[in-house]
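Inspection log for the structure reproduced underneath, given as structure tokens.
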Amino acid sequence: MISVQNLSKMYGTFPALRGVSFEVPSGQVLGFLGPNGAGKSTTMKILTGYLYATGGTAKVDGVDVSEHPVEVRRRVGYLPETNPLYTDMRVDDYLSFVGEIRGVKGSQRKAAMERVIASCGLQKVVKKGISELSKGFRQRVGLAQAMIHDPQILILDEPTSGLDPNQIVEIRDLIRSLGANRTVILSTHYLQEVEATCDRIIIVARGELVADGTHRELCERLPKGAVHVELVGPGDTIAAKLSEAFPGARVEKLPVDAGQAVRFKVERNAVPENEASSDMRGRIADLAQQNGWKVLELRQGGASLEDVFRHLTYEKSATVAQGAA
Amino acid sequence: MLSDIWVVTKREFRSYFLSPIAYVVGAIFLFYGAYEFFQFIFLEAGRGAEARMNMYFNQLPLYFLVLVPALSMRLWSEERKLGTLELLLTFPVKTGALILGKFCGALLFLAVLLGLTLLYPITLAALGNLDWGPVVGGYVGALLLGASYLALGMFISSLSRDQIIALIVTVVALMLMVRLPALAAYFMPKSWIEPLMVLSPVTHFTSIARGVIDFADIVFYAAFVALFLFLNSIVLEYRKWVG
């Protein structure tokens, strides 16, 4: 169980975190999203005791990180953003070192190494030098390192950054299997990743928490996405009628492949109170029928996590000059 | 705590055997030392002098001036560059254990290099009548001197993520420390030089290397090492606040 209360951190005069609060119940896989410099890594570094917070508290299993950092670190497995590998060591020596310093003793260590080697798919490279490994394998070694002491809490800072699509899928599957019986906090830039692996999502921007909920809850916070229509009829009239029917909506003419058809995208920023968001399609169909336009396509796009992310973070990140990593 | 230190010491010690720099510098130290030593022996022996090591030990503070910074430069700089500092500092061990472990690992490697030079006194003993007293004193002094250089070098390494900068700054700092009494003599009254001499690790080394192991000298080295290891921990703690 992780509990963060009103956490703040200043890098010199730059506020990297300004009062972030959230809780992660045990067993949950939490996705931590946000643009670069939003405060994701900073939060994780504070949770693992690598940095001290300027204000607020961070607790793991009820233990305050600033008061008992060693106790907290014992419970947490951590993969930092820059994969912390001793490139001149062999994979097995490296894992053995991390196991030993984490207090996994003797025969237990051997068993622990076999366990992480198997779960991270490292069998083929155990005896190899880390410098010889591909980026995908290095990332797996980093994950194996974080799990060697079988922690109940895993903190993974961009575990899939810089990997190719196949490797991303592998690591993602691995994280999902790890998350089955552990608490995981995972930061990422890949939105599909949180959709695929996380029970819950937190979005931070400019050092503040801007959203917190399940994937579905977040998507519902945005009005349903734009409606695309393709009609055969007089383009200018159609545009005018659509604007008239939906005051305040953005009506955008889109290019068409061929023929007489015209194509529009109608997007509303807010849905009027007495309407369901899906009503637009019906009203456009009615409009077409009344005016004798032939409907070729009428499709509504749902708001994706990407839309939510951009909606919540875009303006904000644009005004942030230079975020510290 | 002790087992934590030992784990770090082992890794640090082993990593020297994976580092080409350590091999190169170690080899130069051994071969150049041997060259100087045997050249001296044959000259002295020709003049019928008794077998002694003190010529070698007199040169040691100079050899260490290059050797020790080359060993200490990577201690923290490399960790920062590789990102492994974040690994070390998020292990469930105290920062002090990391610092002591690293220091002991480097000192152990230096001790191994010094151990290889035991070849010289053994050769001497085979050739003539060797007084082992000053030799033992010389080696004890060399370890203490090396420890003091290492502590300073490791502290400087914690200040930069660039090993070369750590190397250069450490060499310059040690040079100033070694030469300070001589430099000060140019512009300070003679009565000030004496207390200044006490602050230089080399002064204490020369007195130990004569074969007189004085408790005060040992206390000096212990205090010197402790001071720089403490400063080292302050640097690491400070970074946690500043980020």
Side-chain angles (χ1 to χ4, degrees), chain A residues 9-12 14 16-17 41-42 44-54 65-66 68-90 93-94 96-105 129-131 142 145-146 148-149 151 155 157 324-325, chain B residues 1-24 74-102 104-105 109 158 161 163 233-243:
Chain A
K9 174 72 181 172
M10 301 289 291
Y11 290 130
F14 175 79
L17 285 181
S41 293
T42 303
M44 294 181 154
K45 285 176 205 280
I46 292 171
L47 271 171
T48 51
Y50 180 66
L51 292 179
Y52 294 130
T54 312
V65 181
S66 59
H68 305 285
V70 172
E71 191 45 46
V72 168
R73 290 184 203 136
R74 214 182 295 282
R75 294 160 198 242
V76 173
Y78 178 40
L79 175 60
E81 189 175 1
T82 27
N83 196 355
L85 301 175
Y86 288 109
T87 43
D88 53 8
M89 288 176 100
R90 265 173 25 177
D93 291 336
Y94 174 74
S96 173
F97 163 67
V98 177
E100 191 176 0
I101 201 163
R102 283 200 167 276
V104 187
K105 298 220 163 62
I130 293 176
S131 59
Q145 162 277 122
I148 192 96
H149 55 304
I155 296 182
D157 199 351
Chain B
M1 178 82 178
L2 269 179
S3 66
D4 294 341
I5 296 173
W6 177 234
V7 181
V8 180
T9 299
K10 270 194 297 184
R11 203 211 76 78
E12 207 58 57
F13 178 68
R14 277 194 206 135
S15 73
Y16 278 109
F17 292 93
L18 303 171
S19 141
I21 295 171
Y23 276 109
V24 171
R74 47 174 289 282
L75 284 168
W76 293 112
S77 305
E78 194 178 37
E79 303 278 1
R80 277 178 77 192
K81 203 164 184 188
L82 285 175
T84 43
L85 186 61
E86 198 162 350
L87 181 76
L88 287 181
L89 292 177
T90 52
F91 281 145
V93 297
K94 294 230 162 71
T95 312
L98 297 173
I99 294 174
L100 279 173
K102 279 184 155 288
C104 292
F109 186 75
S158 74
R161 70 173 62 228
Q163 294 194 36
S233 76
I234 291 197
V235 171
L236 294 181
E237 282 298 301
Y238 173 76
R239 280 228 185 77
K240 290 188 183 181
W241 286 112
V242 178

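Reminder, nothing fancy here: chain letters follow the sequence lines and each chain counts from 1.
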Query raised in the report: Can you name the nearest heavy-atom pair linking B:G83 to A:P84, along with the distance?
Result: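 Shortest heavy-atom separation between B:G83 and A:P84 comes out as O-CB, 3.4 Å.
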What part of [X] is in contact with chain B, defined as an atom under 4.5 angstrom from a non-hydrogen atom: side chain, backbone, both or neither?
X	value
A:A53	backbone
A:N83	backbone
A:L85	backbone
A:E71	neither
A:F97	both

Does any non-hydrogen side-chain atom of [Y] lie less than 4.5 Å from one of [X]?
X	Y	value
B:R14	A:M89	no
B:L87	A:Y94	yes
B:E86	A:E81	no
B:E237	A:Y52	yes
A:Y86	B:E79	yes

Query - Within 6.0 angstrom of B:K81 NZ, more than 12 heavy atoms from elsewhere - result: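 12 or below, so no.
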Report task. Step through the shown structure and confirm whether more than 12 heavy atoms of other residues, nucleotides or ligands are within 6.0 Å of NZ on B:K10. Result ->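 Above 12, so yes.
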Query raised in the report: Non-hydrogen atoms of chain A under 4.5 Å away: do they reach the side chain of B:L85, the backbone, both or neither?
Result: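 Its backbone and side chain both get close to chain A.
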Report task. Can you tell which part of B:V242 gets under 4.5 Å to a heavy atom of chain A, answering side chain, backbone, both or neither? Result ->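 Contact with chain A is through the backbone of B:V242 alone.
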Query raised in the report: A:H149, A:R74, A:R75: which one forms the most heavy-atom pairs within less than 4.5 Å of chain B?
Result: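 It is A:R74.
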Query - For B:F17, ring-ring contact (aromatic ring centres under 6.0 Å, His included) partners two or more places apart - result: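 B:F17 satisfies ring-ring contact (aromatic ring centres under 6.0 Å, His included) with B:F13, B:F109 only.
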**Report entry** Largest heavy-atom contact set with chain A, pairs under 4.5 Å, which of B:T90, B:V93, B:D4
**Finding:**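 So the answer, after comparing B:T90, B:V93, B:D4, is B:T90.
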Requested in this report: Nearest 0.5 Å please: distance from the CG atom of A:L51 over to the CH2 atom of B:W241.
Outcome: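 If I round to the nearest 0.5 Å, the distance is 10.5 Å.
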Query - A:R73 side chain to B:L89 backbone, donor-acceptor under 3.5 Å - result: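 Yes: the side chain of A:R73 pairs with the backbone of B:L89.
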